[in-house]
Amino acid sequence: MLRVVVLASGGGTNLQAVIDGVAAGDITGVMLAGLISNNKTVKSLERARLAGIPAVSVSPKDYEDREAFHRALLAKVDEFEPDLIVLAGFLVAIPEEMVRRYEGRIINIHPSLIPSFCGVGYYGLKVHEKVLERGVKVTGATVHFVTQGMDEGPIISQRAVYIEEGDTPEILQRRVMEQAEWILLPRAIDDIANGRVRMEDGRCKRSE
Ligand code: GAR
(Lines give C-alpha, C1' and ligand atoms only; values in the text may rest on other atoms or scores of the structure.)
Protein backbone atom coordinates (compact mmCIF):
# COMPACT_ATOMS: atom_id res chain seq x y z
CA MET A 1 0.00 0.00 0.00
CA LEU A 2 1.33 3.39 -1.02
CA ARG A 3 0.93 5.86 1.85
CA VAL A 4 -0.41 9.08 0.36
CA VAL A 5 -0.48 12.43 2.14
CA VAL A 6 -2.53 15.20 0.53
CA LEU A 7 -1.77 18.91 1.01
CA ALA A 8 -4.65 21.29 0.26
CA SER A 9 -5.44 24.93 0.98
CA GLY A 10 -9.10 25.39 0.25
CA GLY A 11 -12.26 23.75 -1.02
CA GLY A 12 -10.66 20.38 -1.53
CA THR A 13 -12.61 19.22 -4.57
CA ASN A 14 -9.48 17.52 -5.90
CA LEU A 15 -8.99 15.85 -2.52
CA GLN A 16 -12.62 14.69 -2.79
CA ALA A 17 -11.97 13.23 -6.25
CA VAL A 18 -9.10 11.24 -4.74
CA ILE A 19 -11.17 10.09 -1.75
CA ASP A 20 -13.98 9.03 -4.11
CA GLY A 21 -11.50 7.31 -6.43
CA VAL A 22 -10.14 5.19 -3.60
CA ALA A 23 -13.66 4.38 -2.34
CA ALA A 24 -14.82 3.38 -5.83
CA GLY A 25 -11.76 1.19 -6.45
CA ASP A 26 -10.58 3.38 -9.34
CA ILE A 27 -7.42 4.08 -7.36
CA THR A 28 -5.87 0.90 -6.01
CA GLY A 29 -2.90 0.16 -3.80
CA VAL A 30 -3.30 3.44 -1.94
CA MET A 31 -3.87 4.31 1.68
CA LEU A 32 -4.80 7.94 2.36
CA ALA A 33 -2.60 8.52 5.40
CA GLY A 34 -3.30 12.18 6.09
CA LEU A 35 -4.41 15.62 4.97
CA ILE A 36 -2.52 18.79 5.80
CA SER A 37 -3.92 22.26 5.18
CA ASN A 38 -2.23 25.62 5.65
CA ASN A 39 -5.63 27.04 6.63
CA LYS A 40 -7.54 26.23 9.78
CA THR A 41 -11.11 26.47 8.62
CA VAL A 42 -11.45 25.06 5.16
CA LYS A 43 -13.68 22.50 3.54
CA SER A 44 -10.76 20.20 2.74
CA LEU A 45 -10.22 19.48 6.47
CA GLU A 46 -13.89 18.63 6.80
CA ARG A 47 -13.86 16.40 3.71
CA ALA A 48 -10.87 14.45 5.05
CA ARG A 49 -12.36 14.01 8.52
CA LEU A 50 -15.64 12.81 7.03
CA ALA A 51 -13.71 10.18 5.13
CA GLY A 52 -11.86 9.12 8.29
CA ILE A 53 -8.53 10.55 7.19
CA PRO A 54 -6.39 12.22 9.89
CA ALA A 55 -6.51 15.94 9.09
CA VAL A 56 -4.40 18.73 10.55
CA SER A 57 -3.66 22.34 9.79
CA VAL A 58 -0.23 23.95 9.88
CA SER A 59 -0.82 27.67 9.46
CA PRO A 60 1.92 30.22 8.70
CA LYS A 61 0.05 32.56 11.05
CA ASP A 62 1.13 30.44 14.01
CA TYR A 63 4.86 30.83 13.27
CA GLU A 64 7.11 33.83 13.56
CA ASP A 65 8.59 33.50 10.07
CA ARG A 66 8.52 31.43 6.90
CA GLU A 67 11.40 29.25 8.03
CA ALA A 68 9.62 28.21 11.22
CA PHE A 69 6.45 27.46 9.22
CA HIS A 70 8.44 25.38 6.76
CA ARG A 71 10.06 23.39 9.58
CA ALA A 72 6.66 22.68 11.15
CA LEU A 73 5.12 21.72 7.82
CA LEU A 74 7.93 19.34 6.98
CA ALA A 75 7.83 17.80 10.47
CA LYS A 76 4.11 17.13 10.05
CA VAL A 77 4.62 15.60 6.62
CA ASP A 78 7.40 13.36 8.00
CA GLU A 79 5.12 12.19 10.83
CA PHE A 80 2.71 10.72 8.29
CA GLU A 81 5.59 8.78 6.67
CA PRO A 82 4.34 9.29 3.11
CA ASP A 83 5.42 7.35 0.03
CA LEU A 84 3.73 10.00 -2.10
CA ILE A 85 2.81 13.63 -1.38
CA VAL A 86 -0.04 15.07 -3.45
CA LEU A 87 -0.39 18.85 -3.75
CA ALA A 88 -4.11 19.13 -4.47
CA GLY A 89 -4.67 22.88 -4.54
CA PHE A 90 -1.91 23.65 -2.07
CA LEU A 91 -1.48 27.34 -2.73
CA VAL A 92 1.68 28.12 -0.75
CA ALA A 93 5.21 27.33 -1.94
CA ILE A 94 6.56 24.18 -0.30
CA PRO A 95 9.95 24.13 1.46
CA GLU A 96 13.01 23.38 -0.71
CA GLU A 97 14.01 20.79 1.87
CA MET A 98 10.74 18.92 1.29
CA VAL A 99 11.45 18.73 -2.43
CA ARG A 100 14.97 17.41 -1.71
CA ARG A 101 13.80 14.86 0.85
CA TYR A 102 10.91 13.54 -1.23
CA GLU A 103 12.39 13.84 -4.72
CA GLY A 104 10.25 12.01 -7.28
CA ARG A 105 7.57 11.44 -4.65
CA ILE A 106 5.67 14.74 -4.83
CA ILE A 107 3.06 15.54 -7.48
CA ASN A 108 1.03 18.69 -8.13
CA ILE A 109 -2.11 19.51 -10.06
CA HIS A 110 -2.13 22.85 -11.89
CA PRO A 111 -5.19 24.33 -13.63
CA SER A 112 -3.62 25.18 -17.01
CA LEU A 113 -1.67 23.55 -19.80
CA ILE A 114 1.89 24.00 -18.47
CA PRO A 115 4.09 25.81 -19.58
CA SER A 116 1.29 28.33 -20.21
CA PHE A 117 -0.21 30.27 -17.30
CA CYS A 118 1.98 28.85 -14.55
CA GLY A 119 4.77 29.89 -12.19
CA VAL A 120 4.83 32.60 -9.54
CA GLY A 121 1.47 34.37 -9.17
CA TYR A 122 -0.50 31.76 -11.13
CA TYR A 123 -2.68 29.81 -8.74
CA GLY A 124 -6.36 29.02 -8.20
CA LEU A 125 -8.84 31.40 -9.80
CA LYS A 126 -6.07 33.79 -10.90
CA VAL A 127 -5.01 31.30 -13.57
CA HIS A 128 -8.46 31.36 -15.16
CA GLU A 129 -8.67 35.16 -14.94
CA LYS A 130 -5.41 35.42 -16.87
CA VAL A 131 -6.48 32.80 -19.41
CA LEU A 132 -9.64 34.80 -20.18
CA GLU A 133 -7.75 38.12 -20.24
CA ARG A 134 -5.32 36.70 -22.80
CA GLY A 135 -8.14 35.35 -24.91
CA VAL A 136 -6.73 31.89 -25.56
CA LYS A 137 -9.28 29.41 -26.90
CA VAL A 138 -8.00 26.26 -25.20
CA THR A 139 -6.82 25.73 -21.64
CA GLY A 140 -6.76 22.65 -19.41
CA ALA A 141 -4.93 21.09 -16.50
CA THR A 142 -1.61 19.40 -15.84
CA VAL A 143 -0.33 16.89 -13.30
CA HIS A 144 3.43 16.95 -12.82
CA PHE A 145 6.20 15.82 -10.51
CA VAL A 146 7.43 18.60 -8.26
CA THR A 147 11.01 19.84 -8.55
CA GLN A 148 12.63 23.01 -7.18
CA GLY A 149 11.37 25.36 -9.92
CA MET A 150 7.70 26.30 -9.51
CA ASP A 151 5.52 24.28 -11.93
CA GLU A 152 8.66 23.17 -13.80
CA GLY A 153 8.80 19.45 -12.96
CA PRO A 154 8.30 16.59 -15.44
CA ILE A 155 4.75 16.41 -16.79
CA ILE A 156 2.76 13.25 -16.04
CA SER A 157 -0.49 14.08 -17.83
CA GLN A 158 -2.52 16.89 -19.38
CA ARG A 159 -6.05 17.38 -20.65
CA ALA A 160 -7.36 20.21 -22.82
CA VAL A 161 -10.56 22.14 -22.10
CA TYR A 162 -12.23 24.64 -24.46
CA ILE A 163 -13.09 28.18 -23.48
CA GLU A 164 -16.71 29.04 -24.26
CA GLU A 165 -18.53 32.28 -25.05
CA GLY A 166 -19.61 34.03 -21.85
CA ASP A 167 -17.10 32.23 -19.59
CA THR A 168 -16.28 33.88 -16.28
CA PRO A 169 -13.23 32.76 -14.27
CA GLU A 170 -15.56 30.83 -11.96
CA ILE A 171 -17.40 29.05 -14.79
CA LEU A 172 -14.13 28.18 -16.49
CA GLN A 173 -12.57 26.96 -13.24
CA ARG A 174 -15.48 24.59 -12.71
CA ARG A 175 -15.26 23.24 -16.29
CA VAL A 176 -11.50 22.68 -15.99
CA MET A 177 -12.07 20.80 -12.74
CA GLU A 178 -14.89 18.65 -14.14
CA GLN A 179 -13.34 17.90 -17.54
CA ALA A 180 -9.69 17.66 -16.51
CA GLU A 181 -8.55 17.90 -12.89
CA TRP A 182 -10.89 15.40 -11.22
CA ILE A 183 -9.99 12.85 -13.91
CA LEU A 184 -6.25 13.47 -14.17
CA LEU A 185 -5.32 13.51 -10.50
CA PRO A 186 -6.91 10.19 -9.40
CA ARG A 187 -5.53 8.53 -12.54
CA ALA A 188 -2.00 9.79 -11.88
CA ILE A 189 -2.09 8.52 -8.31
CA ASP A 190 -3.35 5.12 -9.48
CA ASP A 191 -0.62 4.99 -12.14
CA ILE A 192 2.09 5.76 -9.58
CA ALA A 193 0.69 3.35 -6.99
CA ASN A 194 0.62 0.56 -9.53
CA GLY A 195 4.11 1.18 -10.88
CA ARG A 196 3.08 2.52 -14.30
CA VAL A 197 4.50 6.02 -13.76
CA ARG A 198 7.66 7.23 -12.03
CA MET A 199 10.21 10.01 -12.13
CA GLU A 200 13.59 8.90 -13.40
CA ASP A 201 16.60 11.04 -14.43
CA GLY A 202 14.44 14.15 -14.15
CA ARG A 203 11.82 12.85 -16.56
CA CYS A 204 8.45 11.15 -16.30
CA LYS A 205 8.74 7.49 -17.28
CA ARG A 206 5.65 5.48 -18.19
CA SER A 207 5.43 1.72 -18.54
CA GLU A 208 2.30 -0.42 -18.93
C1 GAR B 1 -7.50 23.65 -8.28
O2 GAR B 1 -8.02 24.22 -9.45
C3 GAR B 1 -6.01 23.37 -8.45
O4 GAR B 1 -5.67 22.96 -9.73
C5 GAR B 1 -5.43 24.72 -8.13
O6 GAR B 1 -6.18 25.19 -7.04
C7 GAR B 1 -7.52 24.66 -7.13
C8 GAR B 1 -7.88 24.03 -5.81
O9 GAR B 1 -9.22 23.60 -5.81
N10 GAR B 1 -4.02 24.62 -7.86
C11 GAR B 1 -3.14 25.57 -8.22
O12 GAR B 1 -3.46 26.62 -8.73
C13 GAR B 1 -1.69 25.25 -7.91
N14 GAR B 1 -0.81 26.19 -8.54
P15 GAR B 1 -9.73 22.48 -4.80
O16 GAR B 1 -9.30 22.92 -3.41
O17 GAR B 1 -11.22 22.51 -4.94
O18 GAR B 1 -9.12 21.16 -5.20
Side-chain angles (χ1 to χ4, degrees), residues 4-22 27 32 34-51 53 55-60 73 84-95 98-99 106-134 136 138-163 167-189:
V4 173
V5 168
V6 180
L7 272 55
S9 298
T13 64
N14 278 287
L15 164 71
Q16 191 66 54
V18 174
I19 292 171
D20 294 347
V22 172
I27 303 175
L32 294 174
L35 177 276
I36 304 174
S37 177
N38 58 309
N39 288 314
K40 287 180 189 172
T41 53
V42 285
K43 192 91 198 279
S44 45
L45 287 164
E46 198 184 312
R47 290 181 194 273
R49 286 179 186 140
L50 269 174
I53 300 162
V56 293
S57 80
V58 181
S59 165
L73 181 63
L84 179 70
I85 299 167
V86 175
L87 309 182
F90 194 60
L91 304 185
V92 293
I94 62 165
M98 191 188 300
V99 180
I106 312 177
I107 63 170
N108 178 47
I109 177 120
H110 184 77
S112 76
L113 292 175
I114 288 176
S116 289
F117 304 101
C118 64
V120 179
Y122 287 86
Y123 57 89
L125 203 59
K126 284 185 197 296
V127 176
H128 306 291
E129 285 167 7
K130 292 186 174 150
V131 160
L132 292 176
E133 260 166 45
R134 185 64 185 83
V136 295
V138 182
T139 183
T142 303
V143 178
H144 63 94
F145 285 106
V146 172
T147 55
Q148 294 295 357
M150 187 172 283
D151 298 331
E152 286 176 6
I155 292 172
I156 297 170
S157 53
Q158 294 187 302
R159 232 175 141 102
V161 175
Y162 285 99
I163 280 93
D167 270 353
T168 62
E170 290 79 8
I171 291 172
L172 182 58
Q173 180 180 51
R174 181 79 192 179
R175 188 179 316 116
V176 169
M177 285 173 164
E178 283 174 357
Q179 294 184 6
E181 297 187 46
W182 301 340
I183 299 163
L184 289 178
L185 189 60
R187 210 172 268 176
I189 295 171

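Numbering of ligands and ligand atoms starts at 1, following listing order.
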Distance-only criterion, 3.5 Å: show the donor-acceptor pairs between side-chain atoms of residues 34-51 and protein atoms not counting sequence neighbours.
residue	atom	partner	partner atom	Å
Ser37	OG	Ala8	O	3.0
Ser37	OG	Asn39	N	3.0
Ser37	OG	Asn39	O	3.1
Asn38	OD1	Ser9	OG	2.8
Asn39	ND2	Ser9	O	2.7
Lys40	NZ	Asp62	OD1	3.0
Lys40	NZ	Asp62	OD2	3.0
Ser44	OG	Gly10	O	2.9
Arg47	NE	Gly11	O	2.7
Arg47	NE	Gly12	O	3.3
Arg47	NH1	Gln16	OE1	3.2
Arg47	NH2	Gly11	O	3.4
Arg49	NH2	Ala55	O	3.0

Residue Phe117 excluded, over 12 heavy atoms near CZ under 6.0 Å =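 Check passes, neighbour count above 12.
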Using the test side-chain hydrogen bond (donor to acceptor under 3.5 Å, both in side chains), find all partners of Arg174 that sit at least two apart in sequence or belong to another chain.
-> Glu178
Taking distance alone, no hydrogens or angles, what donor-acceptor pairs closer than 3.5 Å link side-chain atoms of residues 181-189 to residues at least two apart or in another chain?
residue	atom	partner	partner atom	Å
Glu181	OE1	Asn14	ND2	2.9
Trp182	NE1	Thr13	OG1	3.1

Atom pairs, nitrogen or oxygen, ligand 1 to protein, under 3.5 angstrom:
residue	atom	partner	partner atom	Å
ligand 1	2 (O)	Glu181	OE1	3.1
ligand 1	2 (O)	Glu181	OE2	3.0
ligand 1	4 (O)	Glu181	OE1	2.7
ligand 1	12 (O)	Gly124	N	2.8
ligand 1	14 (N)	His110	ND1	3.2
ligand 1	16 (O)	Gly11	N	3.4
ligand 1	16 (O)	Gly12	N	2.7
ligand 1	17 (O)	Gly12	N	3.4
ligand 1	17 (O)	Thr13	N	2.8
ligand 1	17 (O)	Thr13	OG1	2.6
ligand 1	18 (O)	Thr13	N	3.3
ligand 1	18 (O)	Asn14	N	3.0
ligand 1	18 (O)	Asn14	ND2	2.9

Looking at Val86, Val143, Asp151, which one forms a side-chain contact (heavy atoms from CB on, under 4.5 Å) with Asn108?
-> Asp151
Spacing of His128 atom NE2 and Lys130 atom NZ [to the nearest 0.5 Å] | 12.0 Å
